[in-house]
Visitor: 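After the structure tokens below, expect a handful of questions from me.
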Amino acid sequence: MPELPEVEIVKRGLKNTLTGQKIQSIKRHRHNLRHNIPIALETALGNSRIINFVRRGKYILMELDNQFTVLFHLGMSGKLIVQPLNTRYEKQIHEHLTLITYEEYYLKFIDPRRFGIIDLFLTKKKHKLLINMGPEPLASDEKQSEKYCKELSDYLFKKFKNKKQFIKNVLLDQHIIAGLGNIYVCEALFLSKISPFRRALSLSFEEIYSLIQSIQTILLQAIKAGGSSMRDYVHVNGKRGYFQMQWNVYGKEGEYCTFCLKLNNINKIKRGIQAGRSSFYCDLCQK
DNA sequence: CGTAACTCCTGATGGC
DNA sequence: TGCCATCAGGAGTTAC
């Protein structure tokens, strides 16, 4: 399930391979995913040049040299795959859209579960899905990281003041903070030793600050490892990420907590359900 | 308004 | 071995 690190890796892959290329043709194999794929897509993309790729939360934005930007969301199982034209083109199963460039590359959007989104908007206007999105968890400039961490903590401290929900569920809400999904929320809460069952409003400023630090640490480590590959997620070249090797709690119900072992404690990772989603945690470490 | 349940979908998994 | 129920979850929509 692609979250911020996975989407960031895909965006970088697209940027490195396709920036500057001109779109020659568009093959549409399906008219809808989660929403309808806009009818105007072929017209908007035809003969346009790709000038940049940007990530916002879990969205990828492909900016064109005309007035349009294409918005991609990978949903649960979406992939964006880039291949040179010399590998013979074959439509894969669940391939819904294919772009072909004059520079002889394919871009394929593949998504078995079809929770993904492909949409189009005018670059100078903001897409409606981006308007109410919360701030990015990472600073745009790594040197500003500490300052940004403080800013985010101030912001979240205010946001959490009247939030009665579990901290776990609040962190998953893209309108509060963008880019986090179940895996990285579980891992960040574990790292900051905060129970997923705490109510957001019960967190002190110091705890929120520590939580933001943990979120940033986890996300940066995950990006460095090329993201987490479970089933579907791969880079644009088809290679897998390996951050799943570094998970401490996610998917580890019944295994011993490694932090506890270091302190000569023995405790097993628990799994609970919150808002219909699994939460993995150590009830000895996380309070 | 805030909050929670519901919904979409396919593939992996486990029980019998 | 095959069949069926269950689960995974992002995020918009609906209901309260």
Side-chain angles (χ1 to χ4, degrees), chain A residues 1-8 10-11 29-38 55-61 71-80 91-97 109-119 121 126-137 156 158-189 196-202 219 222 227-234 240 244 247 249-254 269-281:
Chain A
M1 53 227 67
E3 304 180 25
L4 187 151
E6 292 76 32
V7 177
E8 176 64 24
V10 170
K11 183 218 73 181
H29 312 288
R30 193 185 174 86
H31 73 280
N32 72 323
L33 296 164
R34 188 171 161 69
H35 308 292
N36 284 338
I37 300 172
R55 181 191 57 74
R56 177 73 176 97
K58 299 176 195 171
Y59 292 95
I60 291 174
L61 310 176
L71 173 141
F72 293 105
H73 193 290
L74 301 176
M76 286 294 298
S77 58
K79 296 181 199 178
L80 282 163
K91 182 176 123 35
Q92 285 172 244
I93 188 165
H94 305 307
E95 180 175 336
H96 307 308
L97 186 79
F109 187 93
I110 300 162
D111 186 7
R113 287 188 226 182
R114 307 209 298 270
F115 279 18
I117 299 169
I118 299 173
D119 205 358
F121 66 103
K126 231 177 170 183
H127 193 282
K128 63 175 191 288
L129 293 171
L130 305 176
I131 290 172
N132 295 317
M133 191 178 298
E136 288 292 322
L156 284 182
K158 283 186 194 121
K159 276 274 176 191
F160 287 0
K161 275 227 164 100
N162 48 8
K163 282 269 170 214
K164 287 176 274 189
Q165 294 159 282
F166 295 130
I167 181 63
K168 162 73 190 305
N169 298 333
V170 172
L171 291 175
L172 286 174
D173 185 343
Q174 304 299 300
H175 303 103
I176 304 288
I177 185 165
L180 302 176
N182 210 24
I183 295 170
Y184 297 106
V185 167
C186 288
E187 292 298 328
L189 284 169
F197 291 95
R198 289 276 298 280
R199 305 284 169 175
L201 51 71
S202 78
L219 294 178
S228 301
S229 288
M230 294 182 66
R231 301 194 182 103
D232 298 297
Y233 164 71
V234 289
R240 290 163 57 86
Q244 65 279 9
W247 292 346
V249 288
Y250 186 84
K252 294 198 178 288
E253 183 186 13
I269 302 298
K270 307 289 187 299
R271 184 171 79 101
I273 304 290
Q274 296 178 282
R277 303 279 128 79
S278 291
S279 290
F280 298 91
Y281 59 101

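Predicted model only: the values in this text are computed from it and were never measured. As a basis for the values below, the full set of heavy atoms in this structure was taken, side chains included, without hydrogen atoms, waters or symmetry mates. By convention in this document, chain letters (A, B, ...) are assigned in the order of the sequence lines, proteins followed by strands, and residues within each chain are numbered from 1.
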Visitor: At under 4.0 Å, does any side-chain N or O of A:His94 touch on OP1 or OP2 of B:dC9?
Guide: no
Visitor: Would you indicate what A:Tyr59 reaches in the nucleic acid, counting non-hydrogen atoms under 4.0 angstrom: base, sugar-phosphate, or nothing?
Guide: sugar-phosphate
Visitor: If you only use heavy atoms from C-beta on, which nucleotide in B:dT10, C:dG9, C:dG10 is closest to the side chain of A:Lys58?
Guide: C:dG10
Visitor: C:dG9 base stacked by A:Phe115? Criteria: ring centres under 5.5 Å, plane angle under 30°.
Guide: yes
Visitor: Using whole Å, report how far CZ of A:Phe280 lies from C1' of C:dA8.
Guide: 10 Å
Visitor: Rounding to an integer number of Å, can you tell me how far A:His73 NE2 sits from C:dG10 C1'?
Guide: 6 Å
Visitor: With sugar-phosphate meaning primed atoms plus P, OP1 and OP2, does A:Tyr233 contact a base, only sugar-phosphate, or nothing at under 4.0 Å between heavy atoms?
Guide: nothing
Visitor: Using atom NZ of A:Lys161 as one end and atom P of B:dG2 as the other, report the distance to the nearest whole Å.
Guide: 16 Å
Visitor: Among A:Arg277, A:Glu3, A:Gln274, A:Lys168, which residue meets the side chain to side chain donor-acceptor pair (under 3.5 Å) test with A:Asn182?
Guide: A:Lys168
Visitor: Just wondering, more than 12 heavy atoms not from A:Lys164 lying within 6.0 Å of its NZ?
Guide: no
Visitor: Do side-chain atoms of A:Glu187 reach the backbone of A:Val249 as a donor and acceptor pair under 3.5 angstrom?
Guide: yes
Visitor: Nearest heavy atom decides the nucleotide; on that basis, is A:Phe166 or A:Arg277 closer to the 5' end of DNA chain B?
Guide: A:Phe166
Visitor: Heavy atoms under 4.0 Å, any strand shown: does A:Leu129 hit a base, just sugar-phosphate, or nothing?
Guide: sugar-phosphate
Visitor: Charged N to carboxylate O below 4.0 Å: is that the case for A:Glu136 and A:Arg56?
Guide: yes
Visitor: Rounded to the nearest Å, what distance is computed from the CZ atom of residue A:Arg34 to the P atom of nucleotide C:dA11?
Guide: 8 Å
Visitor: Pick base, sugar-phosphate or nothing for A:Asp173, based on heavy-atom distances below 4.0 Å to the nucleic acid.
Guide: nothing
Visitor: May I have the distance from A:Leu74 (atom CG) to C:dG9 (atom P), rounded to whole angstrom?
Guide: 17 Å
Visitor: Rounded to whole Å, how long is the line connecting atom NZ of A:Lys163 with atom C1' of B:dT3?
Guide: 8 Å
Visitor: Relative to the 5' end of DNA chain C, which residue comes earlier, A:His175 or A:Asn182, by the nucleotide with the nearest heavy atom?
Guide: A:Asn182
Visitor: I need the CZ-C1' distance between A:Arg113 and C:dG10, as an integer number of Å.
Guide: 11 Å
Visitor: Side-chain N or O of A:Tyr250 versus OP1/OP2 of C:dG9: is the shortest distance under 4.0 Å?
Guide: yes
Visitor: Please determine which of A:Glu253, A:Lys252, A:Lys270 meets the side chain to side chain contact (heavy atoms under 4.5 Å, CB included) test together with A:Phe280.
Guide: A:Glu253
Visitor: On DNA chain C, nearest-nucleotide positions of A:Met76 versus A:Lys128: which is more 5'?
Guide: A:Met76
Visitor: What's A:Arg114 touching, base or sugar-phosphate or nothing? Going by heavy atoms closer than 4.0 Å.
Guide: sugar-phosphate
Visitor: Report which part of the nucleic acid A:Arg271 touches: base, sugar-phosphate, or nothing (heavy-atom distance under 4.0 Å, all strands).
Guide: sugar-phosphate
Visitor: Can you identify which nucleotide, out of B:dG11, B:dT3, C:dA11, has its nearest atom closest to the A:Gln165 side chain?
Guide: B:dT3
Visitor: What is the distance, to the nearest angstrom, from the CG atom on A:Asn132 to the C1' atom on C:dT13?
Guide: 15 Å
Visitor: Using the six-membered ring of A:Phe166, assess whether NZ or CZ of A:Arg199 lies under 6.0 Å from its centre and within 45 degrees of the ring axis.
Guide: yes
Visitor: So, is A:Ser278 close to the C:dC7 phosphate, meaning a side-chain N or O under 4.0 Å from OP1 or OP2?
Guide: no
